[in-house]
Amino acid sequence: MKKFMIINGPNLNLLSRREPELYGTRSFDDYLPELRSYFPDVQIDFYQSNHEGDIIDKIHEVGFSYDGIILNAAAYTHTSLAIAEAVKAVTTPTVEVHISDLTLRESFRQHSYLRPVCVHTIGGLGLDSYRYAIISLLEDETQIPAAQSGAPNY
Ligand code: DQA
């Protein structure tokens with residue numbers, strides 16, 4: 001059975017209460033059983049932290065044994081070279097996920113440290129972004145980080 005780890009970063013513990021017009025009215029705990037039901041043959045583990053170092057520790061912990069990491073680093077996406085280097089350091093492929101569509105948002109959200117080191121970036125689909133991230137991990141056999149596949153290097 002394949003093992004995937006979902007890692008949610010800061011403020012995502014407030015989903016359902018936080019800016020619902022942007023992030024929806026559903027908590028992640030409410031969504032997780034539905035997400036798991038789409039992939040009965042996959043083990044889907046979940047971790048959330050508001051702390052950069054804890055997110056890095058979790059990437060180190062699972063990043064040599066799991067089959068995929070689904071990472072919504074939230075605001076750290078735009079600030080954290082350290083999380084990007086953790087993703088680069090491990091062997092497990094990571095997909096960058098966002099609930100909102102960053103292309104339609106502020107200019108400071110247009111840069112992602114994670115994009116070049118992740119195999120895919122998926123966003124703008126609400127919580128369904130996580131489902132498509134898992135599909136991409138299951139169906140893309142190549143799993144090449146974006147920076148090595150000809151995508152622009154940010
Ligand atoms: C987010 C987008 C980020 O820019 C923001 O800081 C978040 C959530 C998203 O899922 O849309 O906290 O990652």
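Because only heavy atoms are used, hydrogens play no part in the values below, and waters and symmetry mates are left out as well, while side chains stay in. Counting convention: from 1, in listed order, for ligands and their atoms alike.
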Dump all N/O pairs between ligand 1 and the protein below 3.5 Å as a table: atom names plus distance, one pair per row.
{"unit_1": "ligand 1", "atom_1": "4 (O)", "unit_2": "His78", "atom_2": "NE2", "d": "2.7"}
{"unit_1": "ligand 1", "atom_1": "4 (O)", "unit_2": "Arg109", "atom_2": "NH1", "d": "2.8"}
{"unit_1": "ligand 1", "atom_1": "6 (O)", "unit_2": "Ala75", "atom_2": "N", "d": "3.2"}
{"unit_1": "ligand 1", "atom_1": "6 (O)", "unit_2": "Arg109", "atom_2": "NH1", "d": "3.1"}
{"unit_1": "ligand 1", "atom_1": "10 (O)", "unit_2": "Asn72", "atom_2": "ND2", "d": "2.9"}
{"unit_1": "ligand 1", "atom_1": "10 (O)", "unit_2": "Ile99", "atom_2": "N", "d": "2.7"}
{"unit_1": "ligand 1", "atom_1": "11 (O)", "unit_2": "Ile99", "atom_2": "N", "d": "3.2"}
{"unit_1": "ligand 1", "atom_1": "11 (O)", "unit_2": "Ser100", "atom_2": "N", "d": "2.8"}
{"unit_1": "ligand 1", "atom_1": "11 (O)", "unit_2": "Ser100", "atom_2": "OG", "d": "2.6"}
{"unit_1": "ligand 1", "atom_1": "12 (O)", "unit_2": "Arg18", "atom_2": "NH1", "d": "3.0"}
{"unit_1": "ligand 1", "atom_1": "12 (O)", "unit_2": "Arg18", "atom_2": "NH2", "d": "2.9"}
{"unit_1": "ligand 1", "atom_1": "13 (O)", "unit_2": "Asn72", "atom_2": "OD1", "d": "2.8"}
{"unit_1": "ligand 1", "atom_1": "13 (O)", "unit_2": "His98", "atom_2": "ND1", "d": "2.8"}

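- Residue pairs that meet the ring-ring contact (aromatic ring centres under 6.0 Å, His included) test with at least one member in residues 38-94, sequence neighbours left out, are Phe28-Phe46.
- In plain terms, the two heavy atoms of Pro10 and Ile55 that are nearest each other are CD-CD1, 4.2 Å.
- A side-chain N or O of Glu96 and one of Ser112 form a donor-acceptor pair less than 3.5 Å apart.
- If you chain together hydrophobic residues whose side chains sit under 4.5 Å apart, Leu32 and Tyr130 fall into the same group.
- Contact record, Pro145 with Val119: N-CG1, 3.9 Å, taken as the closest heavy-atom pair.
- A salt bridge links Lys58 and Glu61; the closest N-O separation between the charged side-chain nitrogens and carboxylate oxygens is under 4.0 Å.
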